[in-house]
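Reviewing the structure listed below.
In this text, all values refer to a predicted model and were calculated from it rather than measured experimentally. By convention in this document, chain letters (A, B, ...) are assigned in the order of the sequence lines, proteins followed by strands, and residues within each chain are numbered from 1.
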2 protein chains.
Amino acid sequence: MSRTKSRETLLQELEEAMRRSSAQGVMYGQAVANIAGIAQSDMECMDILFLEGRVTAGRLAEVTGLTTGAITGVVDRLEKAGYVRRERDASDRRKVFISVVVEKAEEIGKFYVPMQAAMQKVWGGYNDEELRLLLRFANDGYKGVLEATEALKGVIETPPAKRASLKMKPPIR
Amino acid sequence: MSRTKSRETLLQELEEAMRRSSAQGVMYGQAVANIAGIAQSDMECMDILFLEGRVTAGRLAEVTGLTTGAITGVVDRLEKAGYVRRERDASDRRKVFISVVVEKAEEIGKFYVPMQAAMQKVWGGYNDEELRLLLRFANDGYKGVLEATEALKGVIETPPAKRASLKMKPPIR
DNA sequence: ATTTGATATCTTAGTAACTAAGAGAATTAG
DNA sequence: CTAATTCTCTTAGTTACTAAGATATCAAAT
């Protein structure tokens, strides 16, 4: 056993570690949705609302990849539960803006406290220079995943019998 | 604007970048499932099968958080599509082992090629020492998410009206 | 002003995948 | 040998989704 790992070993371990932690992250999100008693799509929409602020129903459909009909259902549930409000746009009365009811939404936010605490603890183990490297990596990684998502469209050559329409979700923003 | 970011700014940006890239990663997985024409739960089970090899139906239920009934459906679909095989355990004939049909499963694997390529490209921009830091971080991060998942159970004090039974998914392995 | 076409959301009907509960078969404990 | 336990599957009912189209509004052309 060599004391310093070969680059190949490093890359393998890195891939596995990334895969594991991201899988576990997904599970955390599922657990939060379960506890909060709302569907995962609903939670995803809440996330988007927090990131983007006030968005239209159509934009939610676009970003989540759901149909507008499905979004109607999502917003119905969230509105009934008090997490969001529908507001018709005054200048274009076809549009419906969805906005977060902050006080109510904070009830969900508290389920993310354990995650934030854990992450702060982790980040506490790194100095500023190391954090800069991690930030660079996170940004590079994001760009990489975007590229991969784009390249994925190119993999489709021989459409099998029943193929979904491949309505791919655009990245947020 | 200071040339070097404050630690606070770094942490904020890091959180956002991580969130973004992990969200986009989830979307990539959804896109692959769509293209392959199988449900996301089915895809998740395939992932587990690749990681763990031969697993029982019950283990799949445990790890995915689905009921055993749901797993029956998942395996039915995957088996029908030729991705997996059911094999009764000879020593305990109640058990059903699920195993991947490798040749067929490779058809799915090819949808991950763009992602692997993108990640290799990203990792190419880092030297061994930097990769070691990233590996350390990925492992710390995994541990952090596990802790957070555990701590999440503690957040439940005042059970609201209708609360899911909080059947939380255990980490893989 | 009216018509035509485009846009934004919602409605309806049908489908797929889930849960809860329990049945059936095999195993283990007393 | 019987009873309790374990493991998967079945059944009935629910939920959230899609596809298609209805409804309402806006924008453009004449």
### Query
Which nucleotide, D/dC26, C/dT11, D/dT8, lies nearest any side-chain atom of B/Thr56?
D/dT8

### Task
Would you state whether a donor and an acceptor, one from the side chain of A/Thr68 and one from the base of C/dC10, lie under 3.5 Å apart?
yes

### Task
For the side chain of B/Arg88, starting at C-beta, report the closest nucleotide among D/dT8, D/dA16, C/dT9.
D/dT8

### Task
Find which nucleotide of DNA chain C each of B/Arg77 and B/Ser91 is nearest to by heavy atoms, and output the residue with the more 5' nucleotide.
B/Arg77

### Query
Expressed in angstrom and rounded to an integer, what is the separation of A/Lys80 atom NZ from D/dA16 atom P?
10 Å

### Task
Would you check if there is a donor-acceptor pair between the side chains of A/Tyr83 and A/Asp42 at a distance under 3.5 Å?
no

### Protein-nucleotide distance (A/Ile98, atom CD1; C/dA8, atom C1'), rounded to Å
12 Å

### Message
Can you confirm whether more than 12 heavy atoms, excluding those of B/Arg77, are under 6.0 Å from its CZ atom?
### Response
yes

### Message
Please report the distance, rounded to the nearest Å, between CD1 in B/Ile71 and C1' in D/dC9.
### Response
13 Å

### Task
Find which nucleotide of DNA chain D each of A/Asp42 and A/Asp89 is nearest to by heavy atoms, and output the residue with the more 5' nucleotide.
A/Asp42

### Message
Run the side-chain contact (heavy atoms from CB on, under 4.5 Å) test on A/Asn139 and B/Arg20 for me, step by step, so that the C-alpha distance in whole Å, both residues' side-chain angles and the decisive distance to 0.1 Å come before the verdict.
### Response
CA-CA 9 Å; A/Asn139 285 323; B/Arg20 253 189 226 295; over 6 Å; no

### Message
Counting distance alone, no hydrogens or angles: does the base of D/dT6 have a donor or acceptor under 3.5 Å from a partner atom on the side chain of B/Arg94?
### Response
yes

### Query
Between the side-chain atoms of B/Thr67 and the base atoms of C/dC18, is any donor-acceptor pair under 3.5 Å?
no

### Query
Should A/Met119 and B/Glu15 count as side-chain neighbours, where that means a heavy-atom distance under 4.5 Å?
no

### Message
Measure CD/B/Gln40 against C1'/C/dC18 and give the value in whole Å, please.
### Response
14 Å

### Summary
Whole-Å distance, A/Met43 CE to D/dA16 C1', equals 16 Å

### Message
Nearest whole Å is fine: how far is D/dA16 P from A/Ile38 CD1?
### Response
11 Å

### Query
Heavy atoms under 4.0 Å, any strand shown: does B/Ala57 hit a base, just sugar-phosphate, or nothing?
sugar-phosphate

### Query
Taking only side-chain nitrogens and oxygens of A/Ser41, does any of them come within less than 4.0 Å of OP1 or OP2 of D/dA16?
no

